[in-house]
Amino acid sequence: MSYRCMSALLLMSSSLLAHAQSQAVVHGPSGYPALITVPTAQMPPSGTVGVGFSAAPPYNTLYLSGQPTDWLHFGARYIAITNRRYDDDPGNDQSFKDKSFDVVVRLIEEGPWWPAVAAGLNDFGGTGLFSSEFLVATRRFDDWSFTLGLGFGRFGTQGDVRNPFAALGLRNEERRLLAPAEAQGGVPGVDGWFAGRNASVIAGIEWAPRYLPWSFQVELDGNDYSAEPAELRLSRQGGGLESFDDRIEQRSRINFGFRYKLPGRSWFAGIAYVRGETLIGHIGVAPRLGRNRSPVQEHGQPAGRHLAWEGQRTDLRDVASADGMRDWVDALDRRGIYAHAVDLDESRSTLTLWESNTVSDQSLDVLRTASRETLARMPEDVERFQLVEVNGGLDAITLSVNRETMDAEARGDVSLDELRAAVGIASLPAKSRAQAQYPDLLDYPSWAYGIHPALRTNIGGLDGFLIGQLQAKPFVTLQFSPRLSMSTVLAVNILDNLDKLEQRDSSTRLPPVRSRLETYQTTSEDFYLDQWELNYLFPIARDWFGRVSGGIFEEMFGGVAGEVLYRPLHSRFAIGLDVNYVNQRDFDQRLDFLDYEVATGHLTAYYRTPIEGVILTLSAGRYLARDWGATLDVAREFRNGVVLGAFATKTNVSAEDFGEGSFDKGIYLRIPMSVFYPGVDKGGASFSYRFLTRDGGQKVGNGRSLYGAVGHFNAEQILEE
């Protein structure tokens, strides 16, 4: 029942520009694209992340949503049912809590003569208390959008029409919506999707003036609120369900709404009058964090001596001399490209640069920027330029381009597709870095430091709906050599309400590797050691990489780890093997350890699909609780480094032994600091969310990932951009 956020997402997001689409394309009060309660087929652009809260009595909803592609939306929700108790304990005044996953898929994109069409599943991976499905079409005409569709489950309780899927025999006519006492959660109720004898017509109209920050909505609700989970609660004495008279009433199916979006920002707020009797409120933020950033267009440096314009420098010395090389390296440094080594071969035909950079995560962008600084300094007889991307001390990829193509690209005479076709790609340069003319241009040891905000929270627990801790996490990374580094992260408390948490014995039948979260949160006090690890990355052979790590890896475990990765440069596939031996840390999170020790390890296959930067990861092996199983991870990686992903793990632990939730699953978000502060290459924000913290299917953080270091340096990715 917790998530961990390495950034104060709401605070940082407020400075980002909103997406340039109609005001209609934002999240509804429950987190999915909607007018008010009626879903819409319009979606935010890919890379949009939403966080929001709504109060719609008797439900208070906290949600997180993501848009990994233009056609796929997913969300996670926590709902407090305020007129139901958490349990029958008279000493506990908490309201009942429910959690769920939502997904919406756009089946047809809107065209000049046809509407957008989308299908969605609400609460498909949680308890099923709010399970509902829909099929809707939305058409936009200037500032107006019109939505019409069918609702099923909770969306279909009005029963306006016969369910076409049931009428055709495709789905069951019987469908029973659950009460809280019956809902265990975790396993998607596939048999119930789009099932039921009847369905409801859902419809709506939105007016969103394109040059104004507000919009109005009116909709026809498909829910008659007769099957709401708020009507029942568990009576432990009788072992059954006890009915109450405080049912949700609906005096009208017509709902009205107003939404305001802060001009030029990502924040929005709305109010609505629903059910003919209830006023609801909603506030949220939905920045577009993930972007497929265009390659650098403005370089500000003449491409060659013959390309002259006003202000061109005429005193550039070529790199054949030591002074000219130093001037060139300094110029690259000012552009965010940091030279590790430089070589001009004996025949003076090829100039090679080994570099790391803050220009872009895309090698082609870096090549274009570097070539603009290089052409004006290349000796006339140099015919080819090689760029070697270095990450974690590893030569990740080599790009080479001839002088003629560099010059044509600088003039704008070749397209990006033509440039890709002309660039040569290899895993290693012809000469090693140690053999370069200038092999050691960076001084070691070097170090980097900073402070990240962090938020540790416990949501939906017995002690309170939202219990958390705002932290500052100062970090220092010391680079002893190109391949050996040490990272230290401290955690300092700023503000918290952790005193509300009570330490309870874990009810798990497994070794308590994660379920003692509350104990860690309440024992670590105002200062603790979050991470202290050494990482040594090294090449093994062409396309083979290795890593050895040791230290305190994370909040709960430390030890030693090793990893081997095979990443063929010209393949979408990669495969790795990691092996770890770790100890569980003491609850004060200093330098002591508990008695629990375990060996874990996984064989992992990676596949970078040709579909919009989607990466599939499948790993199988032994987990922290000594259980065996597999994890499937699906992630969208944007060109600016933002990653949106979801995962699920199934092991040989039974659903009964695992506990509520049945198996481990969650979503995550990674944001490089360059998204907020362009040009900054130190660290980033990461966010992972699990509805429940259980012990089955848990991996250990085990040092710097090799695939994270070199995986995105892929020839197929460069050629398809």
Side-chain angles (χ1 to χ4, degrees), residues 336-343 352-367 370 386-400 424-436 438-448 477-487 533-550 561-579 604 606 608 615 637 641 672 681-684 702-718:
I337 298 174
Y338 312 112
H340 292 255
V342 172
D343 182 72
T352 303
L353 168 68
W354 286 261
E355 56 77 29
S356 299
N357 71 88
T358 58
V359 171
S360 172
D361 291 318
Q362 304 301 314
S363 301
L364 201 62
D365 294 358
V366 184
L367 177 66
Q386 283 193 141
L387 183 88
V388 185
E389 292 252 40
V390 180
N391 199 19
L394 301 172
D395 292 355
I397 195 170
T398 302
L399 305 183
S400 61
I425 302 175
S427 56
L428 297 172
K431 184 182 292 187
S432 71
R433 203 183 321 170
Q435 298 171 318
Y438 301 98
D440 299 306
L441 296 179
L442 291 183
D443 294 328
Y444 294 99
S446 63
W447 61 301
T477 299
L478 184 62
Q479 197 78 32
F480 296 106
S481 70
R483 296 171 184 167
L484 178 64
S485 65
M486 181 178 70
S487 298
E533 66 181 31
L534 282 167
N535 288 285
Y536 182 72
L537 282 64
F538 54 94
I540 299 175
R542 185 179 298 273
D543 296 330
W544 286 86
F545 306 93
R547 170 180 62 88
V548 177
S549 302
E563 183 185 10
V564 175
L565 176 72
Y566 174 57
R567 183 226 56 179
L569 184 67
H570 291 274
S571 173
R572 297 185 182 276
F573 287 94
I575 189 166
L577 175 66
D578 68 275
V579 178
T604 303
Y606 308 89
R608 182 180 293 274
I615 301 174
E637 181 181 29
D681 190 39
K682 298 179 177 67
N702 63 353
R704 185 172 185 179
S705 163
L706 284 175
Y707 192 79
V710 300
H712 73 277
F713 295 101
N714 180 274
E716 298 295 328
Q717 179 188 14
I718 295 172

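These figures come from a predicted structure and were not determined experimentally. Numbering starts at 1 and runs along the sequence shown.
With sequence neighbours excluded, no residue forms a side chain to side chain donor-acceptor pair (under 3.5 Å) with Ser487. Qualifying side chain to side chain contact (heavy atoms under 4.5 Å, CB included) partners for Leu534, counting only residues two or more places apart in sequence or in other chains: Phe480, Leu484, Met486. For Glu563, the salt bridge (charged side-chain N to carboxylate O under 4.0 Å, His left out) test picks out Arg547, with sequence neighbours left out.
Taking each heavy atom of Glu355 and Val366 in turn, the nearest pair found is OE2-CG1, 3.7 Å. In plain terms, the two heavy atoms of Leu478 and Pro445 that are nearest each other are CD1-CB, 4.2 Å. Shortest non-hydrogen contact noted between Thr352 and Gln386 is OG1-NE2, 2.9 Å. Nearest heavy-atom pair across Ile425 and Ala715 is CG2-CB, 3.7 Å. Nearest heavy-atom pair, Ile397 versus Asn714, reported as atom, atom and distance to 0.1 Å: CD1-N, 4.2 Å. When all heavy atoms of Leu569 and Ala426 are compared, the closest pair comes out as CD2-C, 3.0 Å.
Under the 3.5 Å distance criterion, the side-chain polar atoms of Arg608 are left unmatched by any main-chain donor or acceptor of Ile615. At distances below 3.5 Å, not a single donor-acceptor pair connects side-chain atoms of Asn391 with backbone N or O atoms of Ser356. Listed for the Arg567 side chain is no donor-acceptor partner under 3.5 Å among the backbone atoms of Leu706.
Side-chain contact between Pro439 and Arg433: absent, with no pair of heavy atoms (C-beta onward) separated by less than 4.5 Å. A 4.5 Å side-chain heavy-atom check between Pro539 and Arg483 finds at least one atom pair inside the cut-off. Val390 is listed as a side-chain neighbour of Asp395, based on a closest heavy-atom distance under 4.5 Å. Contact annotation: the side chain of Pro568 never approaches that of Phe573 to less than 4.5 Å [non-hydrogen atoms, C-beta and beyond]. Counting heavy atoms from C-beta on, the side chains of Asp343 and Trp354 come closer than 4.5 Å. Put simply, the side chain of Leu537 does not reach to within 4.5 Å of the side chain of Phe545, judged on heavy atoms. Looking only at side-chain heavy atoms (C-beta outward), Leu565 and Tyr606 come within less than 4.5 Å of each other.
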Give the intermediate values and the outcome of side chain to side chain contact (heavy atoms under 4.5 Å, CB included) for residues Asn357 and Glu389. CA-CA 8 Å; Asn357 71 88; Glu389 292 252 40; 3.1 Å; yes
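Between atom CG of residue Leu577 and atom OG1 of residue Thr604 there is a gap of 8.0 Å, rounded to the nearest 0.5 Å. Annotation: the span from Tyr707 atom OH to Ile575 atom CD1 amounts to 12.5 Å, rounded to 0.5 Å. Taking OH from Tyr536 and OG from Ser481, the interatomic distance works out to 6.5 Å, rounded to the nearest 0.5 Å. Atom CD1 of Ile337 and atom CG of Leu367 lie 9.0 Å apart (nearest 0.5 Å).
Counted by atom type alone, Glu533 and Asn535 present one or more donor-acceptor pairs between their side chains at under 3.5 Å.
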